[in-house]
Amino acid sequence: MRVPFYDIKAQYDELQTEMDRVVHEVISGGAYIMGPHHKAFEEECAALHNVKHAIAVNSGTDALRIIMDAIGIGAGDEVITTAFTFVASTETIVQTGATPVFVDIDPETYCIDPAKIEAAITPKTKAIMPIHLFGQLSDVKAIKAIADRHNLQIIEDAAQAFGCHHDGTFAGNWGIAAGFSFYVTKNLGACGDGGMIVTNDDEVAANCKSLRIHGMGRERYYYDHVGYTSRLSELNAAYMRTKLPVLDTWNDRRAKFAQIYIDTLQGSNVKLPIVSSGNNTTWHQFSIQVDNRDALQAHLKEQGIDSMIYYPVPLHFHEPYAKYGQGKGSLPVTEEVTDKILNLPIHPHLTEEQVKYAAETIKSFVG
Ligand SMILES: Cc1ncc(COP(=O)(O)O)c(C=O)c1O
């Protein structure tokens, strides 16, 4: 039996009638940039996260970069973040001219360990950028308490946390702004790249709106900032609007598959993921840790079961970012997790049989 890691085509098969309809509507309508779907999609995302402003952009990476420009992060500033993540968060900090400062992760949540943040704060620290990894929020209450105590901004990298909340307070409400990614394989994926900034701050929202169109100000062809070309296409807004009504159902399917993994692998030699108290999870990823990870992955491949390693090498080991880290051994939890983590198929178009087969195959291999 094949167990694929993704099945994007199956999303189209499920929603074909509606997707074909809106694609035709947009193309034949002629409003390709910032049309009615773009506006409606922003409003729907803002309502979903209970925030005042949602600003659609061209990627999650752009969302983070634009937020940092909008709040004035730049040369001479330090931003505290983690090295166990996709490169975009650290990459965008470096692009602003600021310095990323890596703090280790919590071994249970894989997100920044709040207990280690204060030791990394210096007079140059301007912000904390927690990465809400794998479909649930970081320890946002503890991070917010630290940020408030030290007068720091929080920029939420919520690329993997669309629809995630802690005690009912959604991503985007814990800091000055949050950035979501709609990369194809995200729970809400675009037909290509896409992203969204959410914020409750009127001035930050105005800056972000200007920055996404070349820094254009109140009047066309008058510029307030050095900006970007980062509009979400109307086609993509329309495409994702067809997915919004089924997103909860798709996330429920992920939860059902997560439960199959948990029930099957409980008590085996596998470290299972945990959902932190007060958090929901959208199961963007289902991550296990095992000692013999590479052997398990090879075995799964032979059995037709896909798996991925998020993330195989921490950012402080990569050449462009090594200078911001303290070398091998400086982030022990991050480094151990990268050796042991394995992400299993959990997309909404699997069948229970496929997930049971994957879980049983893992169990019989690891014991
Ligand atoms: C944690 C994290 N941050 C940022 C990004 C960047 O988003 P995008 O790929 O939409 O630019 C991603 C995307 O994969 C991500 O997973």
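Indexing begins at 1, ligand by ligand and atom by atom, following the structure's order.
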Could you tell me which atoms of ligand 1, counted from 1 in the order shown, lie closer than 4.0 angstrom to a heavy atom of [X]?
X: Ser59; value: 10 (O), 11 (O)
X: Ala88; value: 4 (C), 5 (C), 6 (C)
X: Thr85; value: 1 (C)

Pair Trp250, Glu14: side-chain N/O donor-acceptor within cut-off below 3.5 Å: yes
Distance-only side-chain donor-acceptor flag, Asn207 / Asp69, under 3.5 Å: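 No, no side-chain donor-acceptor contact under 3.5 Å.
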Which segment of Ile131 sits under 4.0 Å of ligand 1 when only heavy atoms are counted: side chain
Looking only at protein heavy atoms, which one is nearest to [atom], and how far off is it?
atom: atom 3 (N) of ligand 1; answer: Asp157 OD2, 2.7 Å
atom: atom 16 (O) of ligand 1; answer: Gln160 NE2, 2.9 Å
atom: atom 2 (C) of ligand 1; answer: Ala159 CB, 3.4 Å
atom: atom 6 (C) of ligand 1; answer: Thr61 OG1, 3.4 Å

Lys9 versus Asp13, closest heavy-atom pair with distance: NZ-OD1, 2.7 Å
Pair Glu108-Lys271, salt bridge (charged side-chain N to carboxylate O under 4.0 Å, His left out): steps then yes or no: CA-CA 9 Å; Glu108 300 297 331; Lys271 182 172 160 54; 3.0 Å; yes
Heavy-atom neighbours of Asn151 CG exceed 12 at 6.0 Å: no
The single option from Thr242, Asp20, Asp7 passing side chain to side chain donor-acceptor pair (under 3.5 Å) against Tyr12: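 Testing each of Thr242, Asp20, Asp7 against Tyr12, the sole residue satisfying side chain to side chain donor-acceptor pair (under 3.5 Å) is Asp20.
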Arg65, Arg212, His214 screened by side chain to side chain donor-acceptor pair (under 3.5 Å) with Tyr228, the one that passes: Arg65
Polar proximity ligand 1 side, Ser181 side, N/O cut 3.5 Å exclusive: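 N/O-N/O distance under 3.5 Å: yes.
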Gly60-ligand 1 polar pair, N/O distance under 3.5 Å: yes
Lys186 to ligand 1, any heavy atom closer than 4.0 Å: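 Heavy atoms of Lys186 do come under 4.0 Å of ligand 1.
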Asp201/Lys52 ion pair, N-O < 4.0 Å: no
